[in-house]
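I have a structure I would like to understand better, so I am pasting it below and will then ask my questions one at a time.
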Amino acid sequence: MFLQTFETYNSINERELKDKNVVVIDTLRATSVITTALYNGAKEIIPVSEVEEAIELVKSLDKKTYLLAGERNSTKIEGFDLSNSPLEYTREKVENKTIIFTTTNGTKALKKVSLADNVILGCLLNASAVADYIFKEGKDTIIVCAGTEGKFSFDDIITAGVIYKKLSDLMEFESDDLSKASYFLYKPYEENLYEVMKHGYHFKRLKELGYDEDIDFCLTVDKFCIVPKLINGVIRKSEDL
Ligand SMILES: O=C(O)[C@H](CS(=O)(=O)O)OP(=O)(O)O
Ligand SMILES: [Mg+2]
């Protein structure tokens, strides 16, 4: 098995994704939100790139069955039901709902890889479940970090390093330099991820906005043992597919 890591989705050549596992990471906060929503009983999440697309899509849906969710500039979009804070995705709110979801980085990364035939979502919350999935699938794997505003983002690369470490506990594999770099960046801080995460632009931005509880939640390793999977533009728990 060969593991390759991309620091953002911009540099992805979709033809490289065929017949591979693709893991999309947006730890702060989109893939953490999606993992939490599915764990709390959401039926499915439909990622869309643009706000207008989300609003158009729900016109054909029964209002009782869906929620409009996401952010722009890290804050809830006017008229939407939920923001991009995982703490809002409680069972009471999301159970059995279809969530139409758009964010700045994560949903764009998901759209970019949507033609691949095996796309899963990773974050710190489900890192071990993702490593276990990759191990069982046994296929060459590409980790796609959403990044922040098209650039390298600490939070995503550190998460890739955590998944690398957990995968190396399960199997032997070869990897590219960025995969190795993600591991060596993470390893000295494995007992306290804050000590490295706190230097990241995205972390600092969310902290300045007062999203401390979101950060604490998203930096919790292995809170959930589920793996979200994107098939035909819809994300559901892989365990239910
Ligand atoms: O809401 C977030 O955390 C970010 C938006 S920003 O980069 O902080 O403006 O969106 P995400 O798509 O979850 O990275
Ligand atoms: Mg992010």
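One-based numbering, in listed order, for ligands and for the atoms of each. Both backbone and side-chain heavy atoms feed into the values below; hydrogens, waters and symmetry mates do not. Heads up: numbering here begins at 1 and tracks the sequence. Predicted model, so just to flag it, every value in this text is computed and none were measured.
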Next item on the list: Under 4.0 Å, heavy atoms only, figure out whether ligand 1 is touched by the backbone of Asn84, its side chain, both or neither.
Entry: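 Asn84 to ligand 1: side-chain contact only, backbone stays beyond 4.0 Å.
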Notebook entry, point to check: atom 11 (P) of ligand 1: which of Asp26, Thr27, Val33, Asp156 has the nearest heavy atom?
Noted result: Asp26
Item checked: Polar side-chain atom of His202 near backbone of Leu28 as donor-acceptor pair, under 3.5 Å -> yes
Check: Considering only the protein, which heavy-atom contact is closest to atom 6 (S) of ligand 1, and what is its distance?
Finding: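 For atom 6 (S) of ligand 1, the nearest protein heavy atom comes out as Ser74 OG, 3.4 Å.
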Notebook entry, point to check: Which atoms of ligand 1 are found less than 4.0 Å from any heavy atom of Ala30?
Noted result: 13 (O)
Check: Pick one: which of Asp214, Asp212, Asp216 meets salt bridge (Lys or Arg N to Asp or Glu O under 4.0 Å) with Lys207?
Finding: Asp212
Notebook entry, point to check: Of the backbone and side-chain N, O or S atoms of Ala30, does one lie nearer to the Mg ion (ligand 2) than 2.8 Å?
Noted result: no
Next item on the list: Check ligand 1 against Arg205 and write out every atom of the ligand that is under 4.0 Å from a heavy-atom position of the residue.
Entry: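 Going through ligand 1 atom by atom, the ones under 4.0 Å from Arg205 are 8 (O), 9 (O).
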Check: Hey, is Glu71 touching ligand 1 through its side chain, its backbone, both or neither, going by heavy atoms under 4.0 Å?
Finding: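 Looking at Glu71 and ligand 1, just side chain atoms fall under 4.0 Å.
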Notebook entry, point to check: Okay, side chain of Glu71, backbone of Asn73: is any donor-acceptor separation there less than 3.5 Å?
Noted result: yes
Check: Is it true that some N/O/S atom of Asp26, main chain or side chain, lies under 2.8 Å from the Mg ion (ligand 2)?
Finding: yes
Next item on the list: Drop me the distance from Leu110's CG to Phe101's CZ, to the nearest 0.5 angstrom.
Entry: 9.0 Å
Item checked: Atom indices of ligand 1, in the order listed, that fall short of 4.0 Å to a heavy atom of Thr148 ->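 Those atoms are 7 (O).
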Check: Is it true that the side chains of Tyr133 and Asn118 contain a donor and an acceptor less than 3.5 Å apart?
Finding: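 The criterion, which ignores hydrogens and geometry beyond distance, is satisfied for Asn118 and Tyr133.
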Notebook entry, point to check: Do Phe152 and Tyr201 have ring centres separated by under 6.0 Å?
Noted result: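 No, they do not, as the ring centres are separated by 6.0 Å or more.
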Notebook entry, point to check: Do the side-chain N and O atoms of Ser74 and Arg29 include a donor-acceptor pair separated by under 3.5 angstrom?
Noted result: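 Result is no, nothing qualifies.
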Note to self: Whether the Thr27 and Asp155 side chains hold a donor-acceptor pair (N or O, under 3.5 Å, no angle test) is what I'd like checked.
What the structure shows: no
Notebook entry, point to check: Which is closest to atom 4 (C) of ligand 1 in terms of heavy atoms, His202, Lys108, Arg29?
Noted result: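 Residue with the shortest heavy-atom distance to the ligand atom: His202.
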Margin query: Among Phe2, Tyr164, Tyr183, Phe135, which residue satisfies the ring pair (Phe, Tyr, Trp, His ring centres under 6.0 Å) criterion with Phe173?
Written below: Tyr164
Next item on the list: Measure from atom 7 (O) of ligand 1 to every heavy atom in Thr103, Leu28, Asn105 and give the option owning the shortest one.
Entry: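 Among Thr103, Leu28, Asn105, the closest heavy atom to atom 7 (O) of ligand 1 comes from Asn105.
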Checklist line | Side chain, backbone, both or neither: Thr104 near ligand 1, heavy atoms under 4.0 Å | finding: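 The answer is both.
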Next item on the list: Using a strict cut-off of 4.0 Å, indicate which atoms of ligand 1 neighbour a heavy atom of Gly106.
Entry: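 Atoms satisfying the 4.0 Å criterion: 12 (O).
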